[in-house]
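The structure that follows is given in the form of structure tokens.
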Amino acid sequence: MSIRHCAVWGRGHLLVIVGSEGHVLRSEDGGQRWRRVQTPVRQGLSALAGAGPALIAAGQSGTLLASSDDGRRWSDVSCGASADLRGVALRDDGEAIAVGLGGTVLRSGDHGQTWSAGPSLGDLCLEAAAVDAEGRFLALALEGQLGTLQGATWTRHKIPGRNHRALSARGGLVIVGDGDGHAHASRDGGASWESHSTGTGRSIKALWLGSTGLVIASGESGILAVSQDEGRTWTRTALKSDQHRFAAWGDDQGTIWCVGDGPAARSLDGGKSFTKVPVQGGDAPLDGPWEKVPVRGKLRSLWVQGEGRVVLVGDGGTIARTHDGGQTWERSTVEDAGALISVWGSGETILAVGEGISQIRSDDGGRHWVEVTGNPGGASVHGQGATRAFAVLDGRVCRIGADGSRWLALEIPCEPRLRAVWAGPEQRAVAVGSGGTIVRTIDDGASWAAVESGSTRDLCAIWGRGDELFVAGGLGISDVLRSRDGGATWEMLAQVSGSLKSLWGDDAGALWACGGSGVLLRSIDGGHTWRGEASGTWATLFEVRGDGGEMWALGENLLLRRRHGSPEAPSGAA
């Protein structure tokens, strides 16, 4: 997966980079080795600020993260804002602002741990934030305005040029970069400006000011320019690249980093020369209660039969079974089964559906399998007892026949494609799908009725116990819904970062969710709030399931296990 690096900050040998999909990379040796840090969000992060051990990251859809330990651990401190945040600034005393689209301004007085709405700058596209020599906050608008915040009042200053996106301040100098490669410098807080071309002719996305008049400008199509006289004259670097660079940072000891798409540009001689340096880190280590269980193959779904007994299915009709918690595996392949997407079981009966010619069933715990006729395109299967089960095949709900040898298509009063099904007690079942679709039966599938969900997202995960059901789904942002009457009515519980694909509830009353980019969440208050768990991966997690004292989460070539008695990760860990 290609990662876009959008902001960089450092102190001494410590470097922190944030970017797309909630990624955070961290180095303690000046960028020689990088470690990927788990975060509780999968929204893109576009801005980063630090003061001492405190760091704040801001990004898409009002996302705000805070760290109090030099970026080792991050907490989601979002305050309900929905606009994309493009800039963040932090003072040593803990005062901070975050700015974004629609004139959004947020303020914090405790190093970013809590936030509230700040004085608005109107309907402007705020692209960056900084702190000037007098400790005042600055906000840069794309429309060519610089706001200076004094107390609760903004003072606006007009800037020459157009499409301004880069801002930096140091000492008595404020410098802004525009969309045509011009740098505009002010030495009186924005009242007057001096403009000079960098010679790049391209949009400047990032600026960094050194202590001796050094200015670094980077941006569109890999532009990289250096000024030694506070932006009056500029020199293009010899380093060639067509990949965008979005952030710059230096340490006043000669080291400068410019990051964006692809490798970083690094200088060790104060900007006289730059080289390309790979910036990448492996999967985040598992510091919390989850542990990796060795498994191989492109596996897509799991079913937990009991403590230590797990069945996995995947591509090529692959079946993997363990009876000892993953220490040993029995593997087999079912011909013509194709890619198996979903598995469910009751006792020794197990059903699996997928994209192959036929769907399959086992009556001996997964040792042997027989064909169940039905359309390909199986996406979900669930039942109650060994003889009652529903599946989603080719976007439609089907019910298993009386003899278990075929899937019977049912008439559903809706057009949108269905993605998941849950079989409840007392002849009830619920199916969910695209556009917020929820349909329900109370007569074992003989008739179905559409139910108002209050969501427009693609719902693809469902779990329930008795009359209480939970549904989730979405791309980038997922809605979490709950019903307390068997699916007849629904309420919105939460919106969480990440593309959720699976839900499950454990015997201790916690709810679990997993999905794209390694997102793994837990709720202990009935789904109202969710806390990120360290999955150790950025790959998609397809399913989370549990039974007894264990929870399991499955991704491609990855199986995680969490025992309920495992020690908790430290407070605030993602």
Side-chain angles (χ1 to χ4, degrees), residues 7 46-47 49 58 81 83-91 95-107 117-209 213 215-220 223 225 227 229-234 246-248:
S46 54
D84 289 352
L85 300 175
R86 301 286 180 81
V88 62
L90 173 62
R91 295 195 315 225
E95 290 285 333
I97 66 165
V99 300
L101 303 187
T104 300
V105 178
L106 303 173
R107 298 193 73 171
S120 174
L121 264 171
D123 191 18
L124 297 174
C125 295
L126 301 180
E127 295 286 336
V131 181
D132 70 10
E134 298 181 20
R136 297 175 299 188
F137 288 113
L138 308 177
L140 174 67
L142 181 68
E143 296 86 350
Q145 294 190 44
L146 180 74
T148 302
L149 184 61
Q150 187 75 40
T153 304
W154 288 100
T155 301
R156 300 190 188 196
H157 305 282
K158 182 65 178 174
I159 311 168
R162 65 185 189 91
N163 296 334
H164 307 80
R165 295 182 184 275
L167 168 68
S168 188
R170 187 165 186 169
L173 178 65
V174 177
I175 191 164
V176 170
D178 71 14
D180 297 315
H182 290 90
H184 310 281
S186 176
R187 294 167 179 83
D188 54 13
S192 63
W193 296 88
E194 181 181 304
S195 302
H196 298 280
S197 174
T198 63
T200 63
R202 299 297 182 92
S203 178
I204 299 173
K205 306 288 188 182
L207 289 162
W208 178 75
L209 290 175
V215 188
I216 304 296
S218 63
E220 186 179 33
I223 64 169
S227 172
D229 55 8
E230 296 188 339
R232 295 181 178 89
T233 60
W234 293 84
F246 300 100

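Residue numbers count from 1 along this sequence.
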Does some side-chain heavy atom of Val215 sit less than 4.5 Å from a side-chain heavy atom of Leu207? yes
Taking the side chain as every heavy atom from C-beta outward, state whether Arg162 and Asp178 have any atom pair closer than 4.5 Å. no
What's the separation between atom CG in Leu138 and atom CH2 in Trp154, rounded to the nearest 0.5 Å? 7.5 Å
Check whether any side-chain heavy atom of Ser218 lies under 4.5 Å from a side-chain heavy atom of Lys205, and answer yes or no. no
For residues Ala58 and Leu85, report the shortest heavy-atom separation together with the two atoms involved. CB-CB, 3.9 Å
Which of Val174, Val176, Val99 passes side chain to side chain contact (heavy atoms under 4.5 Å, CB included) with Leu140? It is Val176
Beyond-backbone contact of Pro119 with Leu149, side-chain heavy atoms, under 4.5 angstrom: yes
Between Ser120 and Gly103, the two heavy atoms sitting closest are OG-O, 3.7 Å
Heavy-atom check, side chain of Phe137 versus side chain of Glu95, under 4.5 Å: yes
Is there a side-chain contact between Gln145 and Leu124 (heavy atoms, below 4.5 Å)? yes
May I ask you to check whether His184 and His196 place their ring centers less than 6.0 Å from one another? no
Can you measure from CZ (Arg86) to CG (Leu167) and round to the nearest 0.5 angstrom? 14.5 Å
Distance check, rounded to the nearest 0.5 Å: Asp84 atom CG versus Thr104 atom OG1? 9.0 Å
Looking only at non-hydrogen atoms, find the nearest pair between Phe246 and Ala206 and report the distance. O-CB, 3.4 Å
Between Leu146 and Thr155, does a side-chain contact (heavy atoms from CB on, under 4.5 Å) hold up when you go through it step by step? CA-CA 8 Å; Leu146 180 74; Thr155 301; over 6 Å; no
Report the C-alpha distance between Ile175 and Leu209 in whole Å, list the side-chain angles of each, state the deciding distance to 0.1 Å, and finish with yes or no for side-chain contact (heavy atoms from CB on, under 4.5 Å). CA-CA 8 Å; Ile175 191 164; Leu209 290 175; 3.7 Å; yes
Closest heavy-atom pair, His182 versus Ile204, reported as atoms and distance to 0.1 Å, is O-CD1, 3.6 Å
Within this structure, what is the NE2-OG distance for the pair His157 and Ser186, rounded to the nearest 0.5 Å? 7.5 Å
Quick one: does Arg136's side chain have a donor or acceptor within less than 3.5 Å of a partner on Gly151's backbone? no
Atom of Ala47, atom of Gly87 and distance for their closest heavy-atom approach: CB-CA, 3.7 Å
Rounded to the nearest 0.5 Å, what separation is found between the SG atom of Cys125 and the NE2 atom of His164? 13.5 Å
In Å and rounded to the nearest 0.5 Å, what is the CD to CZ distance from Glu230 to Arg170? 11.0 Å
Does the distance from a Lys or Arg side-chain N to an Asp or Glu carboxylate O, for Glu194 and Arg232, drop under 4.0 Å? yes
Residue set satisfying salt bridge (Lys or Arg N to Asp or Glu O under 4.0 Å) with Glu220, at least two apart, ordered chain then number -> none
If you compare all heavy atoms of Thr148 against all heavy atoms of Gly189, which two are closest, and at what distance to 0.1 Å? OG1-O, 3.9 Å
How far apart are the C-alpha atoms of Arg187 and Leu173, what are their side-chain angles, what is the distance that settles it, and do they pass the side-chain contact (heavy atoms from CB on, under 4.5 Å) test? CA-CA 5 Å; Arg187 294 167 179 83; Leu173 178 65; 4.0 Å; yes
Check for a donor-acceptor pair, side chain of Ser227 on one end and backbone N or O of Thr233 on the other, with a separation under 3.5 Å. yes
Ignoring hydrogens and geometry, is there a side-chain-to-backbone donor-acceptor pair from Thr198 to Gly181 under 3.5 Å? yes
Checking Arg91 side chain against Gly135 main chain: does a donor-acceptor pair fall under 3.5 Å? yes
